[in-house]
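A, B, ... follow the sequence lines: proteins, then strands. Residue 1 opens every chain. What you see is a predicted model; the values in this text were computed from it and never measured.
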Amino acid sequence: MTKRSSIREGRNEGFFSRVYDVTRLVPYGRITSYGAIARYLGTAGSARMVGWALNSSHCNPEFIPAHRVVNRNGMLTGKHHFGNSTTMQQLLENEGFSVVDDRVVDFTEKFWDPMTEL
DNA sequence: ATTCTGACAGCAA
DNA sequence: TTTGCTGCCAGAA
């Protein structure tokens, strides 16, 4: 390989691409957290980067279920980035989630941890 | 190269 | 209990 593998093993592509990749793997009707994704990527503590990556996910031609990514409390901290502040909640409710006060009810039950599932 | 920012997470008051 | 400060890392200006 060229420079990609020489940078560091496991970081074949940009951080953003990896975030998109993991996010796409989140099953329908399940949710995960920024920190969980960050941890899965091997950069625990860089959960902020995950959110920032998802911020640019709209540029990605593929569908990225960014609405299935919430913070560790199950709160829809990124709802403001879906155009309308209610879009994220509606998307989640459309998948069977119950959202109350910007927080996903049964968050722990629907939680999908890439570390465990992958 | 340097500086700033960011959809978090953890811990201290 | 809530509020706020810090660390974290990669990307953009």
Checking all strands, does A:Ala38 fall into the base, sugar-phosphate, or nothing category for heavy-atom contacts under 4.0 angstrom?
nothing

Please give, in whole Å, the distance from C:dC9 C1' to A:Ile37 CD1?
15 Å

Check the distance between B:dA9's P and A:Asp113's CG and give it to me in whole angstrom.
12 Å

Rounding to an integer number of Å, can you tell me how far A:Tyr34 OH sits from C:dC8 C1'?
17 Å

Give the nucleotide from the list B:dA7, B:dG10, C:dA10 with an atom nearest to the side chain of A:Asn55.
B:dA7

Nearest whole angstrom, please: distance from the P of C:dC8 to the CZ of A:Phe15.
15 Å

Does the side chain of A:Thr77 get closer than 4.0 angstrom to OP1 or OP2 of B:dC8 through an N or O atom?
yes

For the pair A:Phe63 and A:His67, name the ring-plane relationship: parallel under 30°, tilted 30 to 60°, perpendicular over 60°.
tilted

Touch class at under 4.0 angstrom, heavy-atom based, for A:Phe16 against every strand present:
sugar-phosphate

Please state how far atom NE2 in A:His58 lies from atom P in B:dA7, giving the value in whole angstrom units.
12 Å

Answer with yes or no whether A:Arg48 presents, from its side chain, a donor or acceptor under 3.5 Å of a partner atom in the base of C:dC9.
no

Rounded to whole Å, how long is the line connecting atom CE of A:Met49 with atom P of C:dA10?
7 Å

Test: A:Asp21 and A:Arg18 ion pair at under 4.0 Å:
no

Between the main-chain N or O of A:Arg103 and the side-chain N or O of A:Asp101, is there a donor-acceptor pair closer than 3.5 Å?
no

Without decimals, in angstroms, what is the distance between A:Trp52 CH2 and B:dC8 P?
13 Å

Smallest separation among heavy atoms of A:Gly96 and A:Lys110, with atom names
O-NZ, 3.9 Å

Between A:Arg68 and A:Glu95, is there a salt bridge with N-O shorter than 4.0 Å?
yes

NA contact type, A:Asn71, heavy-atom cut-off 4.0 Å: base, sugar-phosphate, or nothing?
sugar-phosphate

Grab the CG-P distance between A:Asn73 and B:dG10 for me, whole Å please.
9 Å

